[in-house]
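Report on the following structure.
Side chains are part of it too, since the values below use all heavy atoms of this structure and drop only hydrogens, waters and symmetry mates. Owing to the predicted nature of the structure, the values given are computational and were not obtained by experimental measurement.
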Amino acid sequence: MTVPPALVATARCLWQWEWQRLMAGLAPADRDGNFQRRPSEFAGAGLESLQGAGRLQLIVGRSCPWAHRAWLVWRLRQLEPSVQLLIVEPDPKAGRWVFPEPRFGCNSLAELYQLCGAKSNARATVPLLLNPGDGSQKASIINNESAELIEILNDLPSPSNGAPNLLPCQGLVAINHWLNLMQNDINDGVYRCGFARNQAAYNRAEAALFAGLAQLEEALLRQGPWLCGSELTMADVRLFPTLIRWEQVYAPLFRCSRAPLFSFPALWAWRARFCSLPGVVDTCYPSAWRRDYFGALFPLNPSLIVPAGPSSSEELFTLIQATMKP
């Protein structure tokens with residue numbers, strides 16, 4: 001039986017209305033429909049807040065790109081002896097992060113936030129740098145703003161003489177140039193594409209995203225092998241979590257599909273080069289990315305069907321390397 005056009009039009013209007021309501025709960029936007037990221041509650045603290053702290057804990061989730069950048073700095077700086085890594089798992093039905101086993105008497109990250117004095121309506125996000133305290137001192141949150149948190153991790157003493165300083169003084173001008181561009185147009189840019197409320201907002205975000213990629217491509221062609229020249233820096237670290245998720249999440253789900261990443265050959269080679277750094281592959285979980293994005297972001301994927309793809313980081317890395325020119 002043919003569905004009457006009036007019924008189709010009514011269903012579309014109802015779905016659009018409900019979709020707007022769902023999106024309001026998922027991701028805030030301004031009056032023009034542009035996605036706006038909420039500020040972090042525990043921002044602003046630096047190394048001075050670590051006085052008297054024991055072995056710190058870094059809490060991350062596999063699918064979160066903001067946590068991924070912190071995980072990368074922890075790995076590259078070889079901070080295992082001084083900072084313990086804890087991984088929380090998503091609970092999409094409840095919309096929260098949970099501990100595989102209770103920590104500090106808490107089953108979820110939200111409970112830990114409350115234990116540490118967070119406001120009742122605070123979002124329990126990753127990454128999180130935590131002072132676990134001791135018998136006389138309760139656990140306390142040091143910082144949960146990823147851009148600040150990774151600078152704290154970079155400033156912590158590394159037990160390895162070969163650990164890179166990702167924010168060298170002589171390169172700060174160039175590094176900050178790329179950090180500002182990437183945060184606005186690329187790291188947040190893919191989310192502004194995916195969470196845009198209307199076509200105009202999407203068009204603005206998408207144009208800025210690909211213009212930013214073109215600038216990165218030009219810089220790598222001009223000076224490589226890294227964004228600021230011969231040395232790996234924080235600019236490279238903050239770009240990688242976005243580009244490694246490109247084919248798995250952002251192109252198919254967030255509509256970042258104007259051009260495939262391999263149409264930027266310098267960026268494509270840069271990504272493979274970053275994958276080759278010691279320990280980086282161990283931070284990548286493509287099956288978890290697809291499961292958590294496609295399976296949890298109901299307004300963007302109402303069917304909750306999770307697409308196929310590489311099942312492991314090794315398989316993903318093999319695919320990336322196999323497409324490199326000899």
Side-chain angles (χ1 to χ4, degrees), residues 65-66 68-78 146-147 150-151 153-154 158 160-190 206-251 256-284 286 313-314 316-326:
W66 317 105
H68 195 180
R69 59 170 66 168
W71 196 345
L72 288 167
V73 174
W74 176 85
R75 177 71 72 186
L76 293 169
R77 294 278 298 157
Q78 301 176 43
S146 65
I150 57 178
E151 292 190 11
L153 294 177
N154 184 70
S158 172
S160 171
N161 292 329
N165 175 13
L166 299 168
L167 290 167
C169 293
Q170 67 273 18
L172 286 180
V173 172
I175 293 170
N176 286 329
H177 165 76
W178 291 123
L179 296 186
N180 291 332
L181 171 79
M182 285 189 292
Q183 183 64 31
N184 295 326
D185 296 343
I186 296 175
N187 300 145
D188 257 352
V190 292
E206 194 271 349
L209 171 63
F210 279 90
L213 292 177
Q215 290 187 52
L216 294 169
E217 176 78 4
E218 181 182 354
L220 287 169
L221 289 171
R222 184 174 62 249
Q223 64 183 11
W226 304 109
L227 288 177
C228 295
S230 60
E231 300 296 328
L232 181 77
T233 70
M234 196 68 79
D236 300 286
V237 171
R238 285 177 56 171
L239 178 61
F240 181 76
T242 298
L243 292 197
I244 197 61
R245 288 165 171 75
W246 194 266
E247 297 88 350
Q248 305 302 311
V249 175
Y250 298 138
C256 303
S257 51
R258 181 200 300 197
L261 195 60
F262 62 71
S263 64
F264 299 92
L267 279 171
W268 189 268
W270 171 92
R271 186 176 67 168
R273 190 178 307 117
F274 198 105
C275 281
S276 299
L277 294 172
V280 166
V281 168
D282 296 335
T283 69
C284 299
S313 56
E314 291 79 10
L316 175 64
F317 182 51
T318 299
L319 289 172
I320 291 173
Q321 292 290 76
T323 55
M324 293 295 296
K325 293 182 179 179

**Met234 and Trp178, any side-chain heavy atoms less than 4.5 Å apart** = no
**Prompt:** Under a 4.5 Å cut-off applied to non-hydrogen side-chain atoms, are Pro168 and Ile175 in contact?
**Reply:** yes
**Prompt:** How far apart are the closest heavy atoms of Ile320 and Trp268, and which atoms are they?
**Reply:** O-NE1, 4.0 Å
**Asked** Minimum heavy-atom separation for Cys228 to Ala235, with atom names?
**Response** SG-CB, 4.4 Å
**Asked** Of all heavy-atom pairs between Leu166 and Asn154, which one has the smallest distance, and what is that distance?
**Response** N-OD1, 2.9 Å
**Fill in**
Applying side chain to side chain donor-acceptor pair (under 3.5 Å) to Asp282 and not counting sequence neighbours gives none
**Request:** Output the distance between atom CZ (Arg238) and atom CD1 (Ile186), rounded to the nearest 0.5 Å.
**Result:** 11.5 Å
**Asked** Excluding sequence neighbours, so at least two apart, what forms side-chain contact (heavy atoms from CB on, under 4.5 Å) with Asn176?
**Response** Leu172, Leu179
**Item:** Residues which pass side-chain contact (heavy atoms from CB on, under 4.5 Å) with Ala259, listed by chain and number, not counting sequence neighbours
**Value:** Phe210, Ser263
**Fill in**
ring pair (Phe, Tyr, Trp, His ring centres under 6.0 Å) filter on Phe274, not counting sequence neighbours, yields Phe240, Trp270
**Fill in**
Only residue of Leu227, Leu221, Asp185 satisfying side-chain contact (heavy atoms from CB on, under 4.5 Å) with Leu216 is Leu227
**Prompt:** Just how far is it from atom CD of Gln215 to atom NE2 of His177, taken to the nearest 0.5 Å?
**Reply:** 5.5 Å
**Message:** According to side-chain contact (heavy atoms from CB on, under 4.5 Å), who are the partners of Asp188, at least two apart in sequence or on a separate chain?
**Reply:** Phe35, Arg37, Trp66, Gln183, Arg192
**Prompt:** Can you pull the side-chain hydrogen bond (donor to acceptor under 3.5 Å, both in side chains) pairs that have at least one residue in residues 239-248, sequence neighbours excluded?
**Reply:** His68-Arg245, Asn187-Thr242, Glu247-Arg271, Gln248-Arg290
**Item:** Spacing of CH2 belonging to Trp226 relative to CG belonging to Leu232, to within rounding of 0.5 Å
**Value:** 5.0 Å
**Message:** To the closest 0.5 Å, what do you measure between CH2 (Trp71) and SG (Cys284)?
**Reply:** 8.5 Å
**Message:** Counting neighbours of CD on Gln78 that are heavy atoms of other residues, nucleotides or ligands and sit closer than 6.0 Å, is the number greater than 12?
**Reply:** yes
**Prompt:** So which pairs with a foot in residues 272-281 pass salt bridge (Lys or Arg N to Asp or Glu O under 4.0 Å), sequence neighbours left out?
**Reply:** none
**Asked** At what distance, to the nearest 0.5 angstrom, does CD of Gln223 lie from OG of Ser230?
**Response** 9.0 Å
**Message:** With salt bridge (Lys or Arg N to Asp or Glu O under 4.0 Å) as the rule and sequence neighbours excluded, what pairs involving residues 69-78 come up?
**Reply:** Arg75-Glu80
**Student check: side-chain heavy atoms of Thr233 and Leu167 closer than 4.5 Å** = no
**Fill in**
Closest heavy-atom pair, Cys256 versus Leu209, reported as atoms and distance to 0.1 Å, is SG-CD2, 3.6 Å
**Request:** Please report the shortest heavy-atom distance between Pro225 and Leu220, naming the atom on each side.
**Result:** O-CD2, 3.7 Å
**Item:** Side chain to side chain, Ile244 and Cys275, heavy atoms closer than 4.5 Å
**Value:** yes
**Prompt:** Do Leu72 and Ile150 come close enough that some side-chain heavy atom pair is under 4.5 Å?
**Reply:** no
**Request:** Kindly write out the residues that satisfy side-chain contact (heavy atoms from CB on, under 4.5 Å) with Ser257, not counting sequence neighbours, or none if the list is empty.
**Result:** none
**Prompt:** Does any pair with a residue in residues 206-224 pass salt bridge (Lys or Arg N to Asp or Glu O under 4.0 Å), and if so which ones, sequence neighbours excluded?
**Reply:** Glu206-Arg258, Glu218-Arg222
